[in-house]
Every structure is written in C-alpha cells, then in structure tokens.
Amino acid sequence: MNYSSGEKKEKIFVSVKIPCHSLILEGPETYMKKEIMEQPGVIEQTYLSLYGKFSDYIKVIKIPERIIIVGCGSSWHAGLIGEYFIEGMLRIPVEIEYASEFRYRNPVILDKDMVIAISQSGETADTLGAVREIKDKAEVLSICNVYNSSLTRESNYILYTYAGPEVGVAATKTFTAQLVALYFLTLLLACKKGYLDTSGFEKSIGEISDIVEKVEEVLTLNDRIELIAEKLKNRTNALFLGRGIQFPVALEGALKMKEVSYIHAEGYPAAEMKHGPIALIDEDMPVVFTVSKDKFFSKILHNMQEVKARGGYTITVTDFVNNEIRKISDEIIQVPVIENEYLKPILTVIPLQLLAYFTAVKRGCDVDKPRNLAKSVTVE
C-alpha cells in the first residue's frame with residue numbers, strides 16, 4: 001500500500017479479556033508479592049491450556065535438527081533451563097543466545113533450525129530484532145504472555161503462557177510459566193520424534209499438575225524466608241551458586257536480588273567459584289546455594305565447604321537435608337522433594353523470588369517499580 005497516496009486503511013480492533021481480580025491489590029499488598037503467590041494457579045492454567053491444544057500443535061510442528069533460543073533477562077534464564085530439557089530429553093543440540101548479541105553477530109542459520117524466542121511482553125526490542133533478522137531463514141516459535149503481541153505476529157508457532165497480567169517489573173509468575181511452556185514443548189517434540197507414546201506423554205505432562213501442590217508448600221515458607229532477609233538487608237553483595245540445571249536458577253535468583261533490592265548480586269556455576277569469585281569470600285559475603293539431590297550433590301557440598309572454610313555466610317535452598325548440609329549451612333530453606341529433575345527449578349526459584357522480595361521491602365525499596373527499569377524494554 002502506498003501511504004503517501006492518501007489511501008484509507010481500515011484498522012482492526014481486537015478485544016482482550018483480562019480478569020479484573022488480577023489487577024486488584026488488597027491493603028498494603030504489592031504486585032510482586034501477589035504475583036509470586038499466584039504461581040500455583042498460573043502453572044496449572046498454563047499446563048491445562050497448552051495440554052488442551054496438544055493435538056493442534058502435534059499436527060503442524062516440525063522436528064528441528066538444531067534449536068536456537070533467544071531472550072533477554074529472566075527469559076534468557078528460562079531458555080537456559082529449556083536447554084537442559086531439550087538436550088537431555090531429545091538429544092537435539094541447543095544454542096542459547098542473548099537476543100541483543102545474536103541480532104548483530106551474523107549468526108549461521110541452517111535450513112532445519114528452529115528459533116525459540118522468549119519474551120514476557122512480546123514487545124522486547126532486542127528479541128523482536130533478532131527474530132526479524134532470521135525469520136526468513138528458520139522457523140520461529142515464540143513463548144509469550146501477551147496475546148497478539150508483535151513477537152507472536154512474527155512467529156510461525158506460538159506457545160502462550162497463561163499467567164495473566166504481570167504488573168511488577170521483576171518477572172516472577174511469567175518466569176515459572178515459561179518453564180512450563182518449555183517443558184511442554186520438549187514433551188511435544190518427544191512425541192513427534194517417537195520417543196514418547198501417548199501414555200508416556202500423559203505421565204510426563206501430568207507431573208506438572210502434580211507439582212502445583214508442591215509449589216503451594218514452598219509458598220508457606222514465607223516467614224522463614226523473611227527472617228533470613230532481615231539478616232541480608234544491610235549487605236552490599238551476594239553470590240548465588242548452583243550446578244547443572246540449578247545454575248540458571250542461581251542466575252535468576254541473583255537477577256531478582258539486584259533488580260528489586262539494589263544489592264549487588266552475581267550468579268555463577270558453583271564449580272567456577274574457584275576460578276576467581278572465591279577471592280570475594282569473607283564473613284561479609286552471603287552465598288546462596290541452590291542444591292538438589294542429584295549427580296552434582298557431592299560436588300556442590302565441596303563448594304559449600306570451601307565457602308564455609310573462608311567465613312562466608314551460606315544460605316542453602318535444597319530439597320535434601322542431611323547432617324553435612326546442616327554443618328555447612330548458616331540458613332536452610334527446604335523445598336519439597338520431587339523425582340523429576342527437570343521440574344525442580346520451579347520449586348527452587350520461588351524461595352529466591354521471596355528472598356529478593358523481603359530483602360527489598362526491608363531496605364525500603366519499591367519492589368513493583370525498581371529504579372531505572374521498565375516492564376517492557378522496547379528500546380535498544
């Protein structure tokens with residue numbers, strides 16, 4: 001269409017229904033706290049909505065030979081966890097990229113690649129830019145929380161996260177919803193590849209439903225976590241460490257802490273601590289470990305001992321507690337046990353969200369509107 005000709009263009013309006021209760025605060029409540037507490041329902045709603053469209057997705061989706069995941073901030077961390085899902089269950093190679101870097105580095109895109117673009121708002125400028133650069137070269141699947149957003153209109157496939165409006169700037173419920181969507185996608189592709197039959201899919205996807213009750217248990221740890229936050233409120237730095245699939249959880253925990261409390265926090269693979277960050281450890285350095293009873297358990301215990309030997313203040317988020325854990329932990333936040341290793345990040349990330357929240361509140365910070373940040377980053 002030639003707009004300079006003065007030709008009239010009809011606009012199309014789309015109504016989007018948003019439940020009013022999702023935007024209403026009661027008393028002194030903050031949106032961040034409200035949205036953290038909404039996660040059991042969000043996880044269940046996202047799972048049920050995606051599951052209900054399984055037959056539609058399985059007909060159209062293609063099996064890629066390689067997957068490239070792009071995102072920013074918390075969405076990038078969700079993509080890192082998705083990498084563990086996809087490579088672990090599907091044996092499809094995955095590259096995880098910051099959208100801001102990917103769009104400018106002339107990446108090699110192959111014919112049978114799939115790009116997964118993750119964005120809460122669907123308007124993230126760098127993620128949109130990355131998708132527009134490569135959408136003619138590879139199929140794009142978006143994971144998004146906003147219906148008919150710019151990102152979804154640029155995509156071949158869409159997995160919506162049914163989290164409802166997220167008003168707080170720091171991503172909480174949309175992050176766990178993204179993990180549910182990535183897990184669903186992995187199982188979907190496993191069916192398409194013939195790795196899972198119908199009963200196997202039903203069993204695996206049903207584990208998301210089972211985890212909802214466990215998430216509710218985690219949210220009852222409020223008081224315990226608030227007491228720990230009281231001890232962190234005057235600190236200026238913190239380290240968050242994890243191994244394996246818990247490493248991206250540590251990254252997300254550090255991001256939440258720095259976003260809302262303004263405490264300088266860094267996430268690291270626990271094994272990398274000895275390659276530099278160990279120099280920072282002293283009695284003024286709190287170190288948060290995300291630990292699960294897996295093949296890395298004995299390794300991360302050794303990392304914890306290294307911190308403790310140097311006077312560090314250790315906070316352990318874990319699904320398993322023994323005498324050794326008790327000896328080397330100043331604080332323990334115990335989450336429920338589940339067998340599925342891939343879903344454990346949902347349980348271990350929520351205490352980190354609460355820890356950041358309570359620490360920020362005790363420091364007098366505005367948790368819903370952290371300084372210098374915006375909910376949708378629509379500029380470069």
Side-chain angles (χ1 to χ4, degrees), residues 32-33 36 73-74 76-77 80 168-172 175 218 221-244 246-292 300-318 325 328-335 345 347-367 370-373:
M32 183 178 180
K33 180 68 177 299
I36 290 172
S74 292
W76 186 78
H77 296 157
L80 278 174
V169 168
T172 52
F175 178 79
V218 173
L221 300 172
N222 261 300
D223 293 345
R224 169 74 182 137
I225 296 170
E226 186 172 5
L227 288 173
I228 298 171
E230 181 68 30
K231 300 174 184 179
L232 292 184
K233 68 180 183 181
N234 294 322
R235 305 295 181 111
T236 55
N237 298 283
L239 278 176
F240 287 71
L241 303 175
R243 297 190 76 141
Q246 293 298 329
F247 158 54
V249 176
L251 290 177
E252 178 62 11
L255 179 61
K256 291 284 94 67
M257 184 64 78
K258 71 181 77 170
E259 279 182 311
V260 298
S261 77
Y262 315 142
I263 290 174
H264 173 249
E266 293 298 330
Y268 251 86
E272 286 295 301
M273 180 184 64
K274 58 185 173 289
H275 297 291
I278 197 168
L280 300 172
I281 305 297
D282 62 17
E283 63 276 3
D284 295 320
M285 176 63 78
V287 183
V288 182
F289 286 92
T290 53
V291 180
S292 62
I300 202 163
L301 281 182
H302 180 66
N303 300 137
M304 294 171 68
Q305 288 163 348
E306 290 177 321
V307 169
K308 196 64 180 171
R310 289 157 179 82
Y313 176 66
T314 56
I315 301 168
T316 307
V317 178
T318 182
I325 287 273
I328 55 181
S329 301
D330 292 286
E331 310 287 351
I332 297 174
I333 303 169
Q334 187 169 3
V335 301
L347 297 182
T348 53
V349 78
I350 293 174
L352 303 185
Q353 295 172 349
L354 286 167
L355 187 63
Y357 168 78
F358 283 119
T359 303
V361 168
K362 291 178 182 298
R363 287 168 62 88
C365 303
D366 184 343
V367 294
R371 66 189 182 208
N372 307 327
L373 297 180

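Here the structure is a predicted model, which means the values were calculated and not measured.
- Nearest heavy-atom pair, Leu255 versus Gly73, reported as atom, atom and distance to 0.1 Å: CD2-C, 4.1 Å.
- The side chain to side chain donor-acceptor pair (under 3.5 Å) search around Ser292 returns Asp294, not counting sequence neighbours.
- Not one N or O on the side chain of Ser329 forms a donor-acceptor pair closer than 3.5 Å with the backbone of Thr314.
- Looking at residues two or more places apart in sequence or on another chain, you find a side chain to side chain contact (heavy atoms under 4.5 Å, CB included) between Arg363 and Lys233, Ser261, Ile263, Thr359, Cys365.
- For the atom pair CD1 of Ile36 and CD1 of Ile350, the computed distance is 8.5 Å after rounding to the nearest 0.5 Å.
- Every residue was checked against the salt bridge (Lys or Arg N to Asp or Glu O under 4.0 Å) condition with Asp366, not counting sequence neighbours, and none meets it.
- Expressed to the nearest 0.5 Å, how far OG1 of Thr316 lies from CD1 of Ile328 amounts to 7.0 Å.
- Summarising the geometry, atom OH belonging to Tyr313 is positioned 4.5 Å from atom NZ belonging to Lys231; distances are rounded to the nearest 0.5 Å.
- Contact check for Ile315 versus Leu232: side-chain heavy atoms found under the 4.5 Å cut-off.
- Atom CZ of Phe289 sits about 12.0 Å away from atom OG1 of Thr318, to the nearest 0.5 Å.
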Practice prompt. Begin with the C-alpha distance, continue with both residues' side-chain angles, and end with the deciding distance and a verdict on side chain to side chain contact (heavy atoms under 4.5 Å, CB included) for Lys308 and Asp330.
Written response: CA-CA 9 Å; Lys308 196 64 180 171; Asp330 292 286; 2.8 Å; yes
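- Across all non-hydrogen atoms, the minimal contact from Ile325 to Leu301 is CD1-CD2, 3.5 Å.
- Scored by the salt bridge (Lys or Arg N to Asp or Glu O under 4.0 Å) test, Arg224 finds Glu331 as partners (sequence neighbours excluded).
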Only distances under 3.5 Å count here; give the side-chain donor-acceptor pairs of residues 272-287 to other protein atoms, sequence neighbours excluded, each with its distance to 0.1 Å.
unit_1 : atom_1 : unit_2 : atom_2 : d
Lys274 : NZ     : Ala271 : O      : 2.8
Asp282 : OD1    : Asp284 : N      : 2.9
Asp282 : OD1    : Met285 : N      : 3.3

Practice prompt. Test side chain to side chain contact (heavy atoms under 4.5 Å, CB included) on Leu80 and Leu251 and set out the steps.
Written response: CA-CA 10 Å; Leu80 278 174; Leu251 290 177; 3.6 Å; yes
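- Tyr268 contributes atom OH, which lies 13.5 Å from atom CG of Asn303 (distance to the nearest 0.5 angstrom).
- Here the shortest heavy-atom pairing between Val260 and Ala170 reads CG1-CB, 3.8 Å.
- No side-chain heavy atom of Thr172 sits under 4.5 Å from any side-chain heavy atom of Tyr357.
- Side-chain contact between Pro370 and Tyr262 is present, with heavy atoms from C-beta onward closer than 4.5 Å.
- Atom CZ of Phe175 is separated from atom CG of Leu352 by 9.5 Å, given to the nearest 0.5 angstrom.
- Met304 has its side chain out of reach of Val307: every pair of non-hydrogen atoms, C-beta onward, lies at least 4.5 Å apart.
- Using a 4.5 Å heavy-atom threshold, the side chains of Lys33 and Phe358 count as touching.
- Residue pairs meeting the side chain to side chain donor-acceptor pair (under 3.5 Å) criterion with at least one member in residues 246-259, sequence neighbours excluded: Ser74-Glu252, Ser74-Lys256, His77-Glu252, Gln246-Thr348, Glu252-Lys256, Lys256-Glu259.
- Contact between Ala265 and Ala254 at its shortest, heavy atoms only, is CB-O, 3.6 Å.
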